[in-house]
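What follows is a set of notes on a single structure, which appears directly below.
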Amino acid sequence: MYDDARELALLLVSWALPAVLCFGVIVFDERGMDAERLATAWPPASRTLAVLMFGPLAVIFHFARTRGSFRSLRGVARRLGGFAMGLALAAAALVVSELVISGLAWALGVPL
């Protein structure tokens with residue numbers, strides 16, 4: 001029974017940690033935005049749902065949505081740059097969560 005509790009704890013952390021990291025990246029980014037850029041971001045309820053449903057993809061689309069438009073060539077370049085930045089931050093969040101989960105599995109003695 002003790003092994004089941006450790007595995008359950010690891011399962012819960014492996015579900016919650018990537019969502020918390022992605023949510024933190026998006027909220028941290030929104031705190032530094034001006035009103036114009038913030039208007040293109042998700043409303044808080046939609047943002048929470050997007051992070052819970054789509055995880056790292058929500059980070060990618062958040063940065064692509066808030067970094068430009070399709071009105072000019074410069075706006076398209078900014079949107080592509082936002083997409084690349086979101087991709088890098090989503091990958092970083094996944095790497096960090098994988099390292100934490102692996103360390104926790106090692107500490108609990110649960111094989112991966």
Side-chain angles (χ1 to χ4, degrees):
M1 185 69 172
Y2 187 70
D3 289 335
D4 292 338
R6 291 186 297 182
E7 290 176 7
L8 179 63
L10 188 63
L11 178 69
L12 291 175
V13 169
S14 68
W15 174 78
L17 186 62
V20 167
L21 288 175
C22 291
F23 188 76
V25 166
I26 292 173
V27 169
F28 182 77
D29 181 55
E30 285 180 350
R31 287 188 178 165
M33 288 185 183
D34 57 355
E36 180 183 337
R37 200 179 272 180
L38 195 57
T40 62
W42 282 308
S46 298
R47 174 189 63 214
T48 304
L49 184 63
V51 170
L52 289 177
M53 295 300 292
F54 304 118
L57 290 175
V59 174
I60 296 168
F61 288 114
H62 165 78
F63 278 89
R65 283 179 59 144
T66 59
R67 300 295 193 277
S69 64
F70 290 115
R71 295 184 194 133
S72 66
L73 189 58
R74 177 182 276 175
V76 171
R78 285 182 179 170
R79 188 162 284 216
L80 290 173
F83 182 82
M85 186 184 333
L87 188 64
L89 287 170
L94 288 175
V95 167
V96 167
S97 66
E98 182 61 33
L99 289 173
V100 170
I101 292 165
S102 296
L104 184 61
W106 176 79
L108 293 175
V110 176
L112 288 179

Tell me which donor-acceptor pairs under 3.5 Å the side chains of residues 14-29 have, and how far apart each pair is, sequence neighbours excluded?
residue: Ser14; atom: OG; partner: Leu10; partner atom: O; Å: 3.2
residue: Ser14; atom: OG; partner: Leu11; partner atom: O; Å: 2.8
residue: Asp29; atom: OD1; partner: Arg67; partner atom: NH2; Å: 2.7
residue: Asp29; atom: OD2; partner: His62; partner atom: NE2; Å: 2.7
residue: Asp29; atom: OD2; partner: Arg67; partner atom: NH1; Å: 3.3
residue: Asp29; atom: OD2; partner: Arg67; partner atom: NH2; Å: 3.4

Below 3.5 Å, can you tabulate the donor-acceptor pairs from side chains in residues 53-61 to any protein atom, sequence neighbours excluded?
none

Show me, pair by pair, the donor-acceptor contacts under 3.5 angstrom made by side chains of residues 104-112, not counting sequence neighbours?
none

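Within the structure, salt bridge (Lys or Arg N to Asp or Glu O under 4.0 Å) contacts touching residues 77-103 (residues at least two apart or in different chains) do not occur. Sorted by first then second residue, the salt bridge (Lys or Arg N to Asp or Glu O under 4.0 Å) pairs that include residues 10-28, not counting sequence neighbours, number zero. For the salt bridge (Lys or Arg N to Asp or Glu O under 4.0 Å) condition, the pairs that include at least one residue of residues 32-49, sequence neighbours left out, are Glu30-Arg47. Screening residues 86-97 for side chain to side chain donor-acceptor pair (under 3.5 Å), with sequence neighbours left out, gives no hits. Counting only residues at least two apart or on different chains, no salt bridge (Lys or Arg N to Asp or Glu O under 4.0 Å) pair has a member in residues 8-28.
Think of Leu73 as one node in a network of Ile, Leu, Val, Met, Phe, Trp and Tyr side chains linked at under 4.5 Å; it has no links at all. Alongside Val95, the hydrophobic cluster contains Leu99 (criterion: ILVMFWY side chains under 4.5 Å).
Of all the heavy atoms in Phe63 and Gly82, the pair that sits closest is CB-O, 3.1 Å.
Ile101 is not connected to Val51 by any chain of hydrophobic side-chain contacts under 4.5 Å among Ile, Leu, Val, Met, Phe, Trp and Tyr, and they are in different clusters.
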